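Taking it in order: structure first as structure tokens, then the write-up.
Since the model is a prediction, treat every value here as computed from it, not as a measurement. The figures that follow rest on heavy atoms only: side chains count, while hydrogens, waters and symmetry mates do not. So you know, we letter chains A, B, ... as the sequences are listed, proteins then strands, and number each from 1.
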There are 4 protein chains.
Amino acid sequence: MPKVPRRSNRGPAAAPENRRALIDAARRVFAQRGYLAPLSAIAQEAGVGQGVLYRHFPTRLDLALAVFEQHFAELEAIAAEPDAGAFGRLWSRLLELTVEESAFVEMFLATRRDLAQTDLADRLPALIQATLPRAQAAGLVPDSLTASDVLLVQRMVYGVVATSISDDEVRDAVTRALGLLGGVLEG
Amino acid sequence: MPKVPRRSNRGPAAAPENRRALIDAARRVFAQRGYLAPLSAIAQEAGVGQGVLYRHFPTRLDLALAVFEQHFAELEAIAAEPDAGAFGRLWSRLLELTVEESAFVEMFLATRRDLAQTDLADRLPALIQATLPRAQAAGLVPDSLTASDVLLVQRMVYGVVATSISDDEVRDAVTRALGLLGGVLEG
Amino acid sequence: MPKVPRRSNRGPAAAPENRRALIDAARRVFAQRGYLAPLSAIAQEAGVGQGVLYRHFPTRLDLALAVFEQHFAELEAIAAEPDAGAFGRLWSRLLELTVEESAFVEMFLATRRDLAQTDLADRLPALIQATLPRAQAAGLVPDSLTASDVLLVQRMVYGVVATSISDDEVRDAVTRALGLLGGVLEG
Amino acid sequence: MPKVPRRSNRGPAAAPENRRALIDAARRVFAQRGYLAPLSAIAQEAGVGQGVLYRHFPTRLDLALAVFEQHFAELEAIAAEPDAGAFGRLWSRLLELTVEESAFVEMFLATRRDLAQTDLADRLPALIQATLPRAQAAGLVPDSLTASDVLLVQRMVYGVVATSISDDEVRDAVTRALGLLGGVLEG
DNA sequence: CATGAATGAGCTTTCATTCAT
DNA sequence: CATGAATGAAAGCTCATTCAT
């Protein structure tokens, strides 16, 4: 009786591959259609069934976190570098992510409340904390600057990005914003 | 061609009342459930039928604009005052709105793209422009400050508010943010 | 309290004028947007309130009938002419109405079932009946032709009009259809 | 993000079954309530959720086409028979469909404009064309009859069916109509 | 009598989630 | 384990109809 044609079932080996495909698809779809895009669209973009999506990521937030995770992994790699310039590179990359991946911003805002239940909120501070002192010891950054200040500046940059009308205006506005902040932090 | 058992009909006289009720309901519902809250929830909260909502505000944006409008009217009233202190009061109130009505922020973000088609984007700059010179002439504000700077600072404050985890943290964070900006602008 | 601005209320004298405006509007709107066009659109097109429409025409069918009525009045005027050529002119005009006013056709189809409750179905036969014998006596039409045949031919022409893909094709198709019917009836 | 208490799920195996049920339901509902009947009524009649209807038939027209398709399949089967009588049987069946399935007629009228975008309009002519010559060669049909004539006669029959007041009257009226057409085509 | 706003049922459409295969 | 169809609860939106003014 069952004459329902199926696509191949590549077996358990495909699981990690599917997971990666889903995360990539999620980033693309979230970026293109916003954080509230249909999950089915993400499954389709990833080329997998919807069931697979649910197996890997029971909730939309889980998927969002996985996307964040990739970025965090990158930032953590930078922070792990032992030299005094790590903080500067970390800040640079953070700024870039903030400016370039507007979906990153939107997703963060959309999940803000839920994020409180995760450790995400603590990871970025930790990275700053881990690298800032070394930079200050090397005289690369004023001693008066606290990790809290850095995070606050990033939130302010968020604000500029989030409220920008056009993509073109963003970079200039961010530069001016950092300018207003004086020498507190350079982009 | 539906049979229509109906309830009451307060008549056309209810129109302005309904309009006001809808705007108020929209503000509440947007604040509580976000800008993408069901319009039906707004109609219900306002105690009117869905048709009434659509008659008054054909699109979600129309409703958002009406909510904005109330705030703008208030700001414009402040800006219309002729004394040198108008700018300070305008900025104070703007800061308050930004901090207190987080829905105001979210709505602005959500409608940003559509807002480009309206004149809303120009109205706030105009208010700043109209009041800033007088404040500078009176020595209340540094001459180096431009209207553009003021708007940028507001966007930065937006960022702090938008990314705040809890409502409690907001005020303090904003204060610190303004502190980082040095004497550029006082809350 | 009631500060609801209204348009002028021209009093009872305006009633017949409104009625006519509604019928005209109905013809236009039905033609443009189909028989199921919103009644509100008709009221608006007529420049009257919706209440007026309901006062004059309680149901959509009443409005349709009024539109029909205008055409019937014209046909009845033709049929009332005493000469032998009346039938020919009646048929000519009927054919024209059938071909040109496709909304007339659509409306008739849409209201077919309801129309059975009216006397509309009998009026056209009556006109044929009243004029056909005179034409036959004058030798203008074959004696074998019955009123029933005439009506049947009209329904066949309806079919051709109703199923035409483009407006351009209609006239030619009708001509060919009448040709197939031989000399039974000339357009 | 709705909570979803669910009932049963017959699984993907139900797909073809559902598809068939939807087409059957569509035929029934279109016949009973007209082509513009609520799609929800069709889903209900088919005993499936609304989503299933939309998955199988994204638009109302898709559903209509599927219904048409069944009839066409039947007619094409007849036309595929190689004997000289195929045309006669094709015409007979076409006449029957026209007379019996008045929804078929109505649907065709309602979708006429959209149908122009499909190949449906060409398929019937093709069937006539394919079978008529053989019948003429066998002397079963006058040589003067063209495929175009056949289609025109069908449209005329359409007209009679479409304008019939009661179902009872239809057969007799069609017979008389074909009679008026002389020996052009026999039912 | 005319006006046109209010009402709310009803329909279309979309998706999150489940689950038979 | 993967697939992708089924499910059905929302929403959005439209209009026929009523009725206060």
Interatomic distance, [X] [atom1] vs [N] [atom2] [rounded to whole Å]:
X	N	atom1	atom2	value
D:Leu63	E:dT12	CG	C1'	14 Å
D:Leu39	F:dC13	CG	P	19 Å
A:Tyr54	E:dA20	OH	P	17 Å
D:Gln44	F:dA6	CD	P	18 Å
A:Phe57	E:dA16	CZ	P	16 Å
A:Arg33	E:dT14	CZ	P	11 Å
B:Arg20	E:dA5	CZ	P	16 Å
B:Asp62	F:dG12	CG	C1'	15 Å

Which of the following nucleotides, [options], is nearest to the side chain of [X]?
X	options	value
A:Val52	F:dA11, F:dT3, F:dC13	F:dT3
C:Arg55	E:dA2, E:dC15, E:dT12	E:dA2
A:Pro38	E:dC15, F:dT17, F:dT3	E:dC15

With sugar-phosphate meaning primed atoms plus P, OP1 and OP2, does B:Arg19 contact a base, only sugar-phosphate, or nothing at under 4.0 Å between heavy atoms? nothing
Closest nucleotide of DNA chain E for C:Gly51 versus for B:Gly51: which of these residues is on the 5' side? C:Gly51
Nearest-nucleotide check on DNA chain E, B:Gly49 vs D:Ala37; residue mapping nearer the 5' end is B:Gly49
A side-chain contact here means heavy atoms from C-beta on lying under 4.5 Å apart; do A:Leu65 and A:Phe57 qualify? no
Quick one: are A:Pro16 and A:Arg20 in side-chain contact, heavy atoms under 4.5 Å? yes
Output every pair passing salt bridge (charged side-chain N to carboxylate O under 4.0 Å, His left out) with a member in residues 33-55 of chain C, not counting sequence neighbours, ordered by first then second residue. C:Arg28-C:Glu45
Euclidean distance, D:Leu22 CG relative to D:Tyr54 OH, rounded to 0.5 Å: 11.5 Å
Separation between NE2 of C:His56 and CG of C:Leu63, rounded to the nearest 0.5 Å: 11.0 Å
Any donor-acceptor pair under 3.5 Å from C:Asp24 side chain to C:Ala21 backbone: no
Closest non-hydrogen atom pair between D:Ala37 and D:Arg60, with its separation: O-NH1, 2.7 Å
In terms of heavy-atom contacts, A:Tyr35 and A:Ala64 come closest through CE1-CB, 3.6 Å
Looking at [X], does any N or O in its side chain come under 4.0 Å of the phosphate oxygens OP1/OP2 on [N]?
X	N	result
D:Asn18	F:dA5	no
C:His56	E:dC1	no
A:Arg60	E:dA16	yes

Defining pairs by Watson-Crick or G-U wobble geometry with both distances under 3.5 Å, how would you list the stems of DNA chain E with at least three pairs each? E:2-21 with F:2-21
First encountered from the 5' end of DNA chain F, between B:Gln50 and D:Leu53: D:Leu53
